[in-house]
Asker: 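Before I ask anything, let me first share the structure, which is written out below as structure tokens.
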Amino acid sequence: MTFKTIAIALAVGSLAGGAALVASYGSSAADKSGIPYRDGEYETVEAPEGSPLSELISGYYFRTPETRELQDDDFMNPAFIWMEQGAELWSTVEGEAGESCASCHEDVEASMKGVGASYPKYHEASGKLINLEQRINLCRTESMQAEPWKWESDELLGMTAYVRHQSKGMPVNVSIEGPAAPFFEKGKDFYYQRRGQLDMACATCHEVNYGMYIRADLLSQGQSNGFPTYRLKWQKLGSLHRRFRGCNRQVRAVPYANGSDEYVNLELYLAWRGQGLPVETPAVRQ
Amino acid sequence: MTTPVTAPAITRRHFMITVAAGSAAAAWLAAAPARADKAMVDEAMKALIGDATPADGAEIIRLDLPQIAENGNTVPLGVSIDSPMTEDTYVKDVHVFADGNPRPDVISFHFTPKSGLAEASTRMRLAQTQNIVAVAEMSDGKVYMTQAEVKVTIGGCGG
Amino acid sequence: MAKKHKPRVKAPKTASPGEVMEIKTLISHEMESGQRKDRKTGELIPRQIINRFECKYNGETVFSADMHPAISANPYMAFYVKAGESGELEFLWHDDNGDVYSHSQKLEVA
């Protein structure tokens, strides 16, 4: 505990409001913070075999009551603006083939149930690992003969969230074996690679130090089960790769491109680190 | 640019040193933006309520605000006042100001007897830790004021 | 984007006379504050926000709000309306650029 307190003090030392946070962290359990992780009132999922984590915790439990309330209520959750757009696009005919998503996949609730929980996946035709955004754009370019949506466009975000939402509550369930194995290994290497001027790896924050404060921010396990996510900071829905870019920039490293092989590989490794956590898409985070 | 390391080399000690250094740099980089102060709030208030001097509304106006906001971009704000909300007696307006934003005005809620309840909520942006001031104008001309502080978390990766 | 500024409204379709109904609304809008600078040019991005919200009940304004740049993107508004006679609830969002986005729905009071 002493060690932890020192780390917190260092981490929040430059912030005026930091002292109060440090004090309340070490004080009696009677003072509830409202943050489930700190109050010891959170759900865990058993970590998959070989995981460095003792238990899996959704980022939901690291957030304040106000942020969680936005996620809990489908009406208050602003991500549903994009979700509704996704629903409309599902049956919108586009492209040379004169088809919509619904032309092939019909009822989204039936056809997409569980799909979002299983991506990224190995794509045989290209011999590469692809994520859900890329799968959607492949449908557009190949089946619909339509233009691919731009990364981080409202359309691609809306459709990705809409498809993944059909797996809400289902456990994350990616395959890391067979043809996916080499991509998984690359993703793992990325995760532990120190980078940037701050010389930090993903693991520095999200494996070794989750539950501690980095300045005024409570570090989570960096789980991906809620993406695409409405972030208060962004004031809009955003992709996991946008979050990766933000993380990389925070450690003063040059970020990779959205949809790059590096990030898709990392996405698979990260999904496995949360294997079994319920899909929360679209989640709300700070 | 990157240094390959093995997993066990990523330690809490390393974390503490880099974070301490990083936050010092970040604090230096974060230039203070122009912001409102009490005089600007008074001026904005005068534009809306004229020369009326508000009475203490701490027992009248309920402000529903978080003590600590995780991110200043989306801070829940609720106001409510007990009132019969009849044609004779009702709450007309509640104006909300923030004394640490670039501009002090936040929102003015306009109620009518047909609102049924003098209660409304929205979400606001707060540039930093600051006071939220609410001023209520009643149908009988009485004016009340109250305020509360919201701490805004800035820094780390969520700021 | 075609679907920009699409309102979402959660309001009852039926109510009993005198019932005080909770209404929640949300609309997609960036609420550009006029305080941000373009990262590339360094120039101030002009303000464009929804500056006024109105709820009309059978043509009469029963609740409204004047909004400033301090209101968050995708503005949310929750408030109350007292049920009188059957008719129509109308919701209006006024944009700085003069556009008005609206949504209306029937209310049956019995």
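Because the structure is a prediction, the values reported are computed rather than measured. Letters A, B, ... are given to chains in the order of the sequence lines, protein chains preceding strands, and every chain is numbered from 1.
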Asker: Could you tell me which portion of C/T61 (side chain, backbone, both or neither) has an atom closer than 4.5 angstrom to a non-hydrogen atom of chain B?
Answerer: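 The backbone, not the side chain.
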Asker: Pick whichever of C/G84, C/A83, C/G18, C/S64 has the most heavy-atom pairs under 4.5 Å with chain B.
Answerer: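 Option with the greatest count: C/S64.
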Asker: What's the separation between atom CZ in C/F79 and atom NZ in C/K24, rounded to the nearest 0.5 Å?
Answerer: 12.0 Å
Asker: Can you confirm whether C/E54 is buried at CD, in the sense that more than 12 heavy atoms of other residues, nucleotides or ligands lie under 6.0 Å from that atom?
Answerer: yes
Asker: So for atom CD, which belongs to B/E43, do other residues, nucleotides or ligands contribute more than 12 heavy atoms lying within a distance under 6.0 Å?
Answerer: no
Asker: Between chain B and each of C/S72, C/A65, C/P75, C/C55, count heavy-atom pairs under 4.5 Å; write down the option with the most.
Answerer: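 Heavy-atom pair counts peak at C/S72.
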Asker: Using non-hydrogen atoms and a 4.5 Å limit, figure out which bit of C/V62 sits close to chain B: side chain, backbone, both or neither.
Answerer: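 It is both, since atoms from each part get that close.
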Asker: Counting only non-hydrogen atoms closer than 4.5 Å, can you tell me which residues of residues 42-53 of chain C sit against chain B?
Answerer: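 Counting heavy atoms that sit under 4.5 Å from chain B, the residues of residues 42-53 of chain C involved are C/R52.
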Asker: Taking all non-hydrogen atoms of both residues, which atom of B/G78 and which atom of B/S121 are closest, and how far apart?
Answerer: CA-CB, 3.8 Å
Asker: Please tell me whether B/H110 and C/D66 have a donor and an acceptor in their side chains that are separated by less than 3.5 angstrom.
Answerer: yes
Asker: B/D105 versus chain C, heavy atoms under 4.5 Å apart: side chain, backbone, both or neither?
Answerer: both
Asker: In terms of heavy-atom proximity below 4.5 Å to chain B, should C/E60 be classed as side chain, backbone, both, or neither?
Answerer: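 Just its side chain gets close to chain B.
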Asker: Quick check on the interface: out of B/P113, B/G116, B/S80, who has the most heavy-atom pairs with chain C under 4.5 Å?
Answerer: B/G116
Asker: Which answer fits C/I23, side chain, backbone, both or neither, if we ask what part of it has an atom under 4.5 Å from a heavy atom of chain B?
Answerer: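 Neither part; nothing is under 4.5 Å.
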Asker: Tell me whether B/T89 contacts the main-chain N or O of B/T86 through its side chain, where contact means a donor paired with an acceptor under 3.5 Å.
Answerer: no
Asker: In a table with atom names and distances, give each donor-acceptor pair under 3.5 Å that connects a side chain of residues 103-110 of chain C to protein atoms at least two apart or in another chain.
Answerer:
unit_1: C/H103; atom_1: NE2; unit_2: C/Q105; atom_2: OE1; d: 3.0
unit_1: C/Q105; atom_1: NE2; unit_2: C/A11; atom_2: O; d: 3.2

Asker: Answer yes or no: does atom NZ of B/K92 have more than 12 heavy-atom neighbours from other residues, nucleotides or ligands under 6.0 Å?
Answerer: no
Asker: Apply side chain to side chain donor-acceptor pair (under 3.5 Å) to C/Y101 and list each qualifying residue two or more places apart in sequence or on a separate chain.
Answerer: C/D95
Asker: Using only atom types and a distance under 3.5 Å, with no angle test, would you say the side chain of B/D64 pairs donor to acceptor with the backbone of B/V79?
Answerer: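 No, because the side chain of B/D64 does not come within donor-acceptor range (under 3.5 Å) of the backbone of B/V79.
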Asker: If you count heavy atoms of other groups shown closer than 6.0 angstrom to CD of B/Q67, is the number above 12?
Answerer: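 No.
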Asker: Thinking salt bridges, do B/D42 and B/K38 make one under a 4.0 Å N-O criterion?
Answerer: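 Salt bridge flag = yes for B/K38 with B/D42.
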Asker: How about residues 31-38 of chain C versus chain B: which residues have heavy atoms under 4.5 Å apart?
Answerer: C/M31, C/S33, C/Q35
Asker: Is a side-chain donor or acceptor of B/D99 paired with a backbone partner of B/N131 at a separation under 3.5 angstrom?
Answerer: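 A pair under 3.5 Å: yes.
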